[in-house]
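Input: a single structure, listed below in structure tokens.
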2 protein chains.
Amino acid sequence: MSSTRREPRSRPETLERRREILRAAMATFGAKGYNKGPLTEIAEQVNMTHAGILHHFGSKNQLLLEVLRYRDESDVAELAEQHIPDGVDLFRHLVRTAFLNADRAGIVQAYAVLSAESVTDDHPARSFFEERYRTLRTEVVEAFRVLCAERGVEAPETVERAAASILAVMDGLQVQWLLDPTAVDLGEASAFAIEAIVAQVLDPRATPVGDTAADEGPGADAPTGQGATT
Amino acid sequence: MSSTRREPRSRPETLERRREILRAAMATFGAKGYNKGPLTEIAEQVNMTHAGILHHFGSKNQLLLEVLRYRDESDVAELAEQHIPDGVDLFRHLVRTAFLNADRAGIVQAYAVLSAESVTDDHPARSFFEERYRTLRTEVVEAFRVLCAERGVEAPETVERAAASILAVMDGLQVQWLLDPTAVDLGEASAFAIEAIVAQVLDPRATPVGDTAADEGPGADAPTGQGATT
DNA sequence: TGCACGTTACAGTCCGGTAAGTAAGTTTGA
DNA sequence: TCAAACTTACTTACCGGACTGTAACGTGCA
């Protein structure tokens with residue numbers, strides 16, 4: 001756990017070898033989760049023993065963290081070739097990502113499984129996902145501010161909720177889509193929901209739900225229904 | 001795995017004993033997930049050995065399925081004392097549930113963790129959650145139809161996407177809220193998002209996102225950005 | 001008396017991590 | 001330049017722990 005030889009990487013091909021391992025780890029963590037994804041399965045994908053993996057990463061725990069960091073770095077590297085989206089471009093970017101994700105079930109599954117698993121006790125990826133969501137929410141909030149400024153309206157205080165909701169709906173749709181890809185169109189549904197939320201921020205309207213929901217608190221009555229936690 | 005003595009339950013107190021076990025199992029599966037939640041931990045919560053648990057449920061696998069069934073039955077039993085919500089009442093019910101869930105982190109976590117874990121290979125709860133989402137989506141679609149009929153408008157074909165989105169946003173917000181309860185207000189954010197989606201179904205409006213998103217497909221360009229999968 | 005409800009004990013797996021050894025590669029210095 | 005000295009990248013072998021499931025046995029209610 002502690003004495004992990006880190007960053008030797010003297011030989012040039014080692015770096016590519018490590019990347020192979022990281023991609024393999026992403027695959028099995030995605031398919032089985034972190035807890036149930038054994039090192040041996042990762043190892044045999046790259047024709048190695050599990051001890052070889054541990055030689056490179058020190059521990060399974062450390063491997064997971066590097067897997068997550070690796071993906072973010074790859075994405076950021078690709079992004080750097082473009083401009084950094086802000087304002088309405090960020091929302092378009094999110095919609096486009098949702099459409100693209102429909103062809104990347106493996107990666108989608110890895111993030112869906114690992115992010116939910118991370119809320120369990122002492123999970124090694126917990127702080128990673130905490131920070132990830134914090135960062136993403138901040139970016140979306142900023143995009144709302146820019147968008148409102150362009151429209152010449154003051155950004156309402158609902159932007160925080162809206163930002164969380166946009167990320168939430170994308171994640172939640174992924175789970176439903178992974179369970180039954182024929183039942184949910186990941187791209188179209190994400191686009192619809194994002195439009196709905198953006199519209200509500202820019203031009204709030206009362207609805208038959210909201211009419212009474214405004215004063216809704218942890219009411220004294222009320223059971224839970226089949227959708228207890230959804 | 002196969003020959004599990006089921007439903008003997010000769011003595012009256014046995015039924016309550018089983019319920020104790022189910023509640024304890026819900027707690028540890030929620031805290032650690034199914035794969036990492038050991039039977040011994042469930043057992044010691046009810047002052048038993050893990051072999052005692054297996055005597056009642058035959059296998060850990062079977063225990064999980066009964067846990068999930070038990071919760072739904074409890075919820076439905078409570079619901080039966082009320083009316084079955086439909087039309088706009090279902091949406092109000094969902095919002096109310098979100099507020100209530102803010103005080104039930106344990107149950108929320110169990111569903112969040114298990115539903116995401118269920119998408120992994122050969123997970124015992126997979127078909128449970130497939131069916132659960134299918135049922136819930138159908139109910140929400142029906143509520144949209146009733147609501148549209150009340151308003152005298154024709155239900156648009158977006159109701160399917162909207163139904164999936166409403167469930168998705170509730171689930172996704174739960175994950176963010178579990179990771180950092182101070183960053184997200186589960187009830188308020190759920191209410192906001194549900195209102196937004198209902199409003200968009202009843203009265204669709206173009207947005208700066210949708211203006212171009214309509215023709216958005218798996219475009220040839222486009223990387224993924226930090227929010228690769230969200 | 002017999003069955004339900006446990007217990008203890010154990011079998012069998014699986015898995016992460018460590019130790020020790022080996023065959024390459026890289027560095028260094030005369 | 002080239003070989004000794006050292007490092008890296010593994011392998012095999014093994015340890016120890018955790019966990020599910022089974023078998024055998026006791027105990028008390030009906």
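It should be emphasised that the depicted structure is a prediction, and the values quoted were computed from it without experimental measurement. Proteins get letters first, then strands, A, B, ... in listed order; numbering begins at 1 in each.
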Quiz prompt | Contact nearer the 5' end of DNA chain D, comparing B:Glu13 with B:Pro38 | solution = B:Pro38

Quiz prompt | Within residues 39-47 of chain B: residues closer than 4.0 Å to DNA chain C (heavy atoms) | solution = B:Asn47

Quiz item: Nearest to the side chain of B:Arg17, which nucleotide is it out of C:dA19, C:dG6, D:dG21?
Solution: C:dG6

Quiz item: Is it true that B:Glu13 and B:Arg17 make a salt bridge, defined as a side-chain N closer than 4.0 Å to a carboxylate O?
Solution: no

Quiz item: Roughly how many Å is it from NZ in B:Lys36 to P in D:dC19, rounded to a whole number?
Solution: 9 Å

Self-check item: salt bridge (charged side-chain N to carboxylate O under 4.0 Å, His left out) pairs, two or more places apart, involving residues 30-43 of chain A
Solution: A:Lys32-A:Glu41

Quiz prompt | Pairing of A:Glu130 and A:Arg134 as salt bridge, 4.0 angstrom limit | solution = no

Exercise. May I have the distance from B:His50 (atom NE2) to C:dA11 (atom C1'), rounded to whole angstrom?
Key: 11 Å

Practice problem: Determine, for B:Phe29 and B:Lys60, whether the Lys NZ or Arg CZ falls below 6.0 Å from the six-membered ring centre while staying within 45 degrees of the axis. | Solution: no

Practice problem: Could you list the residues that satisfy ring pair (Phe, Tyr, Trp, His ring centres under 6.0 Å) with A:His50, not counting sequence neighbours? | Solution: none

Quiz prompt | Spacing of B:Lys60 atom NZ relative to C:dT13 atom P, expressed in whole Å | solution = 19 Å

Quiz item: When the distance from NE2 of B:His56 to P of D:dT20 is rounded to whole Å, what number comes out?
Solution: 17 Å

